[in-house]
Trainee: 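Before I ask anything, let me first share the structure, which is written out below as structure tokens.
It should be emphasised that the depicted structure is a prediction, and the values quoted were computed from it without experimental measurement. In the text below, chain A, chain B and the rest are named by the order of the sequence lines, each starting its count at 1.
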Amino acid sequence: MNFIEELTWRGMIHDMKPGTEEQLQKEMTSAYIGIDPTADSLHIGHLVSVMMLKHFQIAGHKPLALVGGATGMIGDPSGKSLERNLLDEKTLRHNQECLKKQLAKFLDFESDAPNAAELVNNYDWMKDFSFLDFIRDIGKHITVNYMMAKDSVKSRLGEDAKMGMSFTEFSYQLVQGTDFLHLYKEKNCKLQMGGSDQWGNITTGTELIRRKESGDAFALTCPLITKADGGKFGKTESGNIWLDPKLTTPYKFYQFWLNVSDADAEKYIKIFTLLSKQEIDELVKEQEAAPHLRPLQKRLAKEVTCMVHDEQEYEKAVEASQILFGKATTESLAKLDKETFLAVFEGVPTFEIDRAKLDAGVPIIELLAAETAVFPSKGEVRRTIKGNGLSLNKAKLTDQDYSVSTSDLISEAYVLVQKGKKNYYIIEAV
RNA sequence: GGAGGGGUUCCCGAGUGGUCAAAGGGAACAGACUGUAAAUCUGUCGGCGUAGCCUUCGGAGGUUCAAAUCCUCCCCCCUCCA
């Protein structure tokens, strides 16, 4: 199965330029995707493009990951994102290094294979590009008329525009096109991939290559990942799901995938895992036969957690989940020794409190909203208790005036706080 | 530079002197139902709290017993004309 066929059955192709498949069959081809280095970790929104590159490398082609040090400071007008601030070079390099380490889990950067992955940063070739050079060498080749026809630009002009668009944002497609042109010339890169929102930007690049170099370059986009209920993919109450375990613990990471809705599970497992069509078909059948066992979500969570973290972290996450969501009771919790407790709950957000305070007893509302930041306000603690949404050590708490004392400690050191069904916090006496 | 239209609580968006912590929708959170799913229904959704109080409607002043609402100045955004 070739690259295009692979992506097709996985539902990862939204659009591509005619001739793309032929090009890929003709020779080993280089392709790139762009990543904004706005943070020092990738989040799961990036994972789609990373998987495209991975399939690309598996298919024998050469993937390039472009860190957008230059473009990242402009901001793409097609998103609603505001214009960005310039990252200083130190931060930029730091982020670049961190991203590369994460990418190395997916792509082979190190081997001597001709299709080893490469990381490039457009800051390196854009930083010394003078304005005059730019408008002469690049700007001349693309008409404003052409640029204005792009949806990303059109939506920002005219009467229904909420915001105007600065010249900087307008020029974004040219800057991105310049990247493509640069990679085309320097690295013989003939394909740019990205989300479907990037189509306009990518084709400005292929157009530039055609006009300036009489070259043939290609574009391939994947659908934007959505949720069946229309919500944003990859966001939870606590924000982005990051690949860095320090930002999103493996437990939370695992839980994210496990909680994916049925309607999304099949779609996601095709995109975010390398499981074969047969394996997935099998799982889908199992899911239909016994939906409550959620084989799709479980396998999806396993595969992605193992890929991003490792098998050990995955197993810990499963164990913690079984205790938290299984039939654990106050009694079984109380039996856990300190070691086990810590191992199981590693990754569950932990707050500390002075043991001396607990000796005297701390009102629950104080404990959760003042002594620790489990809740942002006292009112919210009250509301949650009133709504029957708070549990302490797996037992529902209904008394707003309850005082927590040392007798509530598990293993003489911990209190397990549960907000609703899925949110756990640990308070540790120190 | 001219004319017009705007800036409201996380988002969209009502509100033009008191009954406004501010309609409605969305998002979010919790409860019920379930399968840690979806859909549905219910509740909550500025802060502290019994009442009640405090902070909020671009910013700063002012009028008034009382202002998101009226006046003055300023800042920002959009459209059209030049």
Side-chain angles (χ1 to χ4, degrees), chain A residues 77 79-83 153-167 169-170 226-241 249 251-269 283-284 286-302 305 317-328 344-345 347-349 363-366 368-370 373-392 394-398 400-401 416-425:
Chain A
K80 54 235 153 264
S81 47
L82 302 167
E83 290 195 52
V153 172
K154 263 196 289 192
S155 65
R156 293 285 294 275
L157 298 172
E159 298 189 17
D160 46 345
K162 287 181 242 119
M163 269 182 295
M165 180 174 52
S166 71
F167 176 74
E169 288 178 285
F170 178 59
T226 55
K227 292 205 299 182
D229 64 9
K232 268 198 197 112
F233 169 76
K235 297 269 185 177
T236 65
E237 38 155 339
S238 41
N240 277 329
I241 303 291
T249 63
Y251 164 76
K252 282 220 151 183
F253 188 86
Y254 171 80
Q255 281 286 323
F256 172 82
W257 296 104
L258 194 65
N259 272 304
V260 159
S261 71
D262 288 13
D264 292 322
E266 184 182 344
K267 190 168 71 185
Y268 293 171
I269 203 168
L283 286 165
V284 170
E286 284 178 39
Q287 185 91 343
E288 275 164 15
H292 59 284
L293 295 178
R294 294 182 299 147
L296 274 174
Q297 282 95 331
K298 281 181 185 161
R299 190 63 189 275
L300 171 67
K302 176 183 175 179
T305 307
V318 171
E319 198 183 341
S321 301
Q322 270 164 0
I323 291 188
L324 293 174
F325 293 100
K327 295 184 207 66
V344 166
F345 294 118
V348 175
I364 184 74
I365 291 172
E366 291 290 324
L368 299 182
V374 175
F375 284 81
S377 75
K378 293 183 183 177
E380 197 161 326
V381 182
R382 283 199 191 86
R383 269 181 246 124
T384 305
I385 295 178
K386 219 179 281 175
N388 207 22
L390 190 82
S391 295
L392 220 60
K394 290 295 256 184
K396 281 272 186 238
L397 188 102
T398 50
Q400 289 192 19
D401 301 321
L416 182 68
V417 180
Q418 191 177 355
K419 174 183 152 201
K421 216 178 293 182
K422 298 180 199 169
N423 304 294
Y424 289 89
Y425 306 89

Trainee: Who are the salt bridge (charged side-chain N to carboxylate O under 4.0 Å, His left out) partners of A/Glu319, not counting sequence neighbours?
Mentor: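 For A/Glu319, no residue satisfies salt bridge (charged side-chain N to carboxylate O under 4.0 Å, His left out) once neighbours in sequence are set aside.
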
Trainee: Got a sec, which residues hit side-chain hydrogen bond (donor to acceptor under 3.5 Å, both in side chains) with A/Ser377, two or more places apart in sequence or on another chain?
Mentor: none

Trainee: With sequence neighbours excluded, what pairs up with A/Lys302 under the side-chain hydrogen bond (donor to acceptor under 3.5 Å, both in side chains) test?
Mentor: none

Trainee: Taking atom P in both B/U69 and B/A60, compute the distance separating them and give it to the nearest angstrom.
Mentor: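 One P to the other, the span is 13 Å.
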
Trainee: Who passes salt bridge (charged side-chain N to carboxylate O under 4.0 Å, His left out) against A/Arg299, sequence neighbours left out?
Mentor: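 Counting only residues at least two positions away or on another chain, A/Arg299 forms a salt bridge (charged side-chain N to carboxylate O under 4.0 Å, His left out) with A/Glu279, A/Glu303.
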
Trainee: Rounded to whole angstrom, note down the C1' distance from B/U44 over to B/A21.
Mentor: 15 Å

Trainee: Take A/Lys252 and A/Ile241 through the test side-chain contact (heavy atoms from CB on, under 4.5 Å) and record every step on the way to the result.
Mentor: CA-CA 8 Å; A/Lys252 282 220 151 183; A/Ile241 303 291; 5.9 Å; no

Trainee: Applying side-chain contact (heavy atoms from CB on, under 4.5 Å), run through A/Glu380 and A/Leu368 and close with a yes or a no.
Mentor: CA-CA 10 Å; A/Glu380 197 161 326; A/Leu368 299 182; over 6 Å; no

Trainee: Say we look at B/G62 and B/A14: how far apart would their C1' atoms be, to the nearest angstrom?
Mentor: 28 Å

Trainee: If you restrict it to nitrogen or oxygen atoms, what contacts under 3.5 Å exist between nucleotides 4-13 of chain B and the protein, and what is each distance?
Mentor:
none

Trainee: A/Phe375: what forms a ring-ring contact (aromatic ring centres under 6.0 Å, His included) with it, not counting sequence neighbours?
Mentor: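 By the ring-ring contact (aromatic ring centres under 6.0 Å, His included) rule, A/Phe375 matches no residue at all.
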
Trainee: What residues form a side chain to side chain contact (heavy atoms under 4.5 Å, CB included) with A/Ala263, not counting sequence neighbours?
Mentor: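 So A/Ala263 forms a side chain to side chain contact (heavy atoms under 4.5 Å, CB included) with A/Ala228, A/Ser261.
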
Trainee: What is the distance, rounded to the nearest whole Å, between atom CD of A/Gln418 and atom P of B/A30?
Mentor: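 About 11 Å, once rounded to whole Å.
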
Trainee: Taking atom P in both B/A28 and B/A37, compute the distance separating them and give it to the nearest angstrom.
Mentor: 14 Å

Trainee: List the residues meeting side-chain hydrogen bond (donor to acceptor under 3.5 Å, both in side chains) with A/Gln287, not counting sequence neighbours, and say none if there are none.
Mentor: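 With sequence neighbours excluded, A/Gln287 shows a side-chain hydrogen bond (donor to acceptor under 3.5 Å, both in side chains) to A/Gln297, given in chain and number order.
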
Trainee: List for me each residue that meets side-chain hydrogen bond (donor to acceptor under 3.5 Å, both in side chains) alongside A/Glu366, sequence neighbours excluded, and say none if there are none.
Mentor: A/Lys378

Trainee: What pairs with A/Lys298 under salt bridge (charged side-chain N to carboxylate O under 4.0 Å, His left out), at least two apart in sequence or on another chain?
Mentor: none

Trainee: Is RNA chain B part of any stem, that is, at least 3 consecutive Watson-Crick or G-U pairs with both distances under 3.5 Å, and where?
Mentor: B:1-7 with B:75-81, B:10-12 with B:24-26, B:28-32 with B:40-44, B:46-48 with B:52-54, B:58-62 with B:70-74

Trainee: Would you mind building the protein contact string for nucleotides 33-52 of chain B? One character per nucleotide, 5' to 3', B for base within reach (heavy atoms under 4.0 Å), S for sugar-phosphate only, - for untouched.
Mentor: -BBBBSS----SS-SSB---

Trainee: Taking atom C1' in both B/C70 and B/U64, compute the distance separating them and give it to the nearest angstrom.
Mentor: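 Each nucleotide's C1' atom is 9 Å from the other's.
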
Trainee: Roughly how many Å apart are B/A23 and B/G15, using the P atom of each and rounding to a whole number?
Mentor: 13 Å

Trainee: Write down the distance separating the P atoms in B/G47 and B/U55, rounded off to the nearest Å.
Mentor: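 Their P atoms lie roughly 16 Å apart.
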
Trainee: For the pair made of OH in A/Tyr425 and C1' in B/C29, what is the distance, rounded to whole Å?
Mentor: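 About 10 Å, once rounded to whole Å.
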
Trainee: For A/Asn388 and B/A32, give me the distance from atom CG to atom P, rounded to whole Å.
Mentor: 6 Å

Trainee: For B/G58 and B/C78, measure between their C1' atoms and round to the nearest Å.
Mentor: 15 Å

